[in-house]
Number of protein chains: 2
Amino acid sequence: MNTFPKSVRIVEVGARDGLQNEKTVVPAATKIELIDRLTACGLQTIEATSFVSPKWVPQLADAAEVYTGIHKRDGVAYPVLVPNEKGYDRAREVGVTEIAVFSAASEAFNRKNINASIDESIERFRPVLERAKADGVKVRGYVSTVLGCPYQGEVPVSDVVRVAERLHALGCYEISLGDTIGVGTPEKARAMLRAVAEAVPMSALAVHFHDTYGQALANLHACLEEGVSVVDSAVSGTGGCPYAKGATGNVATEDVAYMLAGMGIATGIDLDALVETGLWLSAQLGRATSSRVAKARSSH
Amino acid sequence: MNTFPKSVRIVEVGARDGLQNEKTVVPAATKIELIDRLTACGLQTIEATSFVSPKWVPQLADAAEVYTGIHKRDGVAYPVLVPNEKGYDRAREVGVTEIAVFSAASEAFNRKNINASIDESIERFRPVLERAKADGVKVRGYVSTVLGCPYQGEVPVSDVVRVAERLHALGCYEISLGDTIGVGTPEKARAMLRAVAEAVPMSALAVHFHDTYGQALANLHACLEEGVSVVDSAVSGTGGCPYAKGATGNVATEDVAYMLAGMGIATGIDLDALVETGLWLSAQLGRATSSRVAKARSSH
């Protein structure tokens with residue numbers, strides 16, 4: 001009937017994608033403790049930070065300090081976002097062995113944000129990807145706005161396929177398909193994933209849903225049926241949506257882990273420890289958790 | 001691949017299941033306005049109130065006033081909850097033509113709440129169901145705790161099937177299967193629905209999910225794949241969970257309607273008007289909406 005994976009690898013993006021939207025700068029020590037706690041929870045991939053220019057994202061100016069400060073566990077990957085060769089240099093200086101690059105699938109989004117076409121934006125990553133290949137650095141690729149764009153609305157699936165295929169061909173071992181503004185619904189997510197999987201092997205694909213419209217777990221359910229086995233999420237559901245102030249950001253890792261556990265799909269995650277970590281993070285940020293599992297468990 | 005229904009009938013339960021957990025008594029005029037607004041949104045079934053003893057649920061002591069005060073539209077059903085013959089008498093006095101009865105699928109829940117076994121609790125409804133049949137009154141049946149119980153934990157699917165089958169045999173035209181504490185996950189929900197559908201036709205089944213653990217839409221997605229075409233939900237996600245204080249209650253009708261619209265499944269609902277109604281209700285109750293769609297739309 002369905003082809004659910006036996007196990008799923010969760011890519012925890014809270015420390016980077018989650019925190020980068022925080023207005024108040026979070027101390028490096030807190031970020032390091034967060035990542036160390038996430039390691040202890042059993043996460044296998046924890047995005048640590050971004051070597052973006054501190055001028056663009058002051059929140060992540062401490063990238064080198066955070067990356068060197070975390071206690072890395074064997075077998076756990078700690079990728080960092082790298083926007084260009086300068087970021088690559090900074091990342092390599094502190095011994096980074098896995099990076100992530102990104103492009104939007106929406107022409108309008110690329111135009112608006114980096115004043116380049118999709119093809120031009122991907123070309124800009126070519127030198128980074130070539131150096132990573134030569135250095136034996138693994139590269140993950142993010143494709144954003146895969147189910148909708150704040151500027152152009154609908155995003156043709158063919159554009160998503162083209163960007164994913166290009167990044168994969170340029171050497172990304174995994175392509176994460178992101179519904180940046182959280183507008184997607186299950187069957188649109190499924191159709192998009194299916195189309196991409198015709199160009200890039202399903203084993204090299206991940207899905208990345210935001211819960212802005214509450215659809216993330218339903219979308220994930222549809223995509224799991226298609227066989228995707230890598231899922232991005234952020235503990236405590238951190239990461240607001242810059243295009244809908246006050247709205248929810250990334251789907252909460254706790255809620256994803258709860259669903260997968262209930263479906264008998266292994267993740268290697270200690271859910272109790274994860275809920276505790278999310279509540280600890282919420283306390284650090286001075287706000288309520290966005291994880292419904294954490295809310296339910298902490299309100300008995 | 002799947003057998004999604006072409007259209008879904010949403011049973012709006014906010015005015016009853018949602019409001020009955022409110023600590024502060026909501027004025028009858030507000031309840032009437034809520035139901036009238038929901039009618040204008042295009043809902044086809046709107047549970048209006050409950051003729052439970054005012055001693056048990058003071059919030060619903062105005063059942064007769066509310067039922068007589070609403071502006072009923074032709075073709076829209078306004079069922080009311082009836083716990084016993086006395087409630088049935090009160091409902092009939094004001095001209096009610098559709099009622100709902102209920103039983104838990106959990107033995108422990110029945111024992112704890114009404115000091116009766118499942119079979120005894122169903123027997124108590126027999127006189128109500130017989131009178132309804134004689135009076136030409138339609139009866140909807142609720143089965144609660146179908147995916148978990150706050151007292152006994154796991155609930156055997158065979159108990160759910162037995163209760164649903166009995167209520168159907170006793171004359172209920174539709175059986176709503178409720179995950180009262182919101183602990184279910186998609187494949188457990190699917191397996192439960194499938195098992196019940198072997199005893200009661202799928203066309204006579206509805207699903208009723210609480211979003212306590214954030215799983216409601218994912219569960220719904222799995223059940224829609226099985227062909228269920230009636231879904232209970234509450235505008236603004238009203239209705240806390242008495243077993244997890246502060247946690248979310250019913251899945252929000254706005255979020256269900258958004259998902260179904262995105263899947264191309266017709267509901268007849270005007271989503272813009274529904275979001276407005278939910279925000280109006282939240283303002284009346286003095287709290288934030290639990291609908292993520294409403295949050296996203298009102299935060300631009």
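The sequence lines fix the lettering, A, B, ..., with proteins before strands; numbering per chain opens at 1.
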Whether over 12 other heavy atoms sit under 6.0 Å from B/E154 CD | no

Non-hydrogen atoms of A/K188 and B/G262 that approach each other most closely = CE-O, 3.5 Å

Just by modelled atom types, is the A/V183 backbone N or O under 3.5 Å from a matching donor or acceptor in the B/Y258 side chain?
-> yes

How far does CD of B/Q215 sit from CG of A/D255, to the nearest 0.5 angstrom?
-> 6.5 Å

The reported gap from CD in A/E187 to NE2 in B/H221 (rounded to nearest 0.5 angstrom) is 4.0 Å

Might you point out which heavy atoms bring A/L217 and B/G214 nearest each other, and give the distance in Å?
-> CD1-O, 3.3 Å

B/S290 and A/R292: which non-hydrogen atoms are nearest, and at how many Å?
-> O-NH2, 3.4 Å

Chain A contact via B/N219 - which portion, at a heavy-atom distance below 4.5 Å | neither

Looking at B/L220, B/V251, B/L260, B/D211, which makes the most heavy-atom pairs under 4.5 Å with chain A?
-> B/D211

Which region of A/A222, side chain (C-beta onward) or backbone (N, CA, C, O), has a non-hydrogen atom less than 4.5 Å from a non-hydrogen atom of chain B, or is it both or neither?
-> both

Pick one of side chain, backbone, both or neither for B/A294, based on which atoms fall under 4.5 Å of a heavy atom in chain A.
-> neither

For B/A296 and A/T212, which heavy atoms make the closest approach, and how far apart are they?
-> CB-O, 3.6 Å

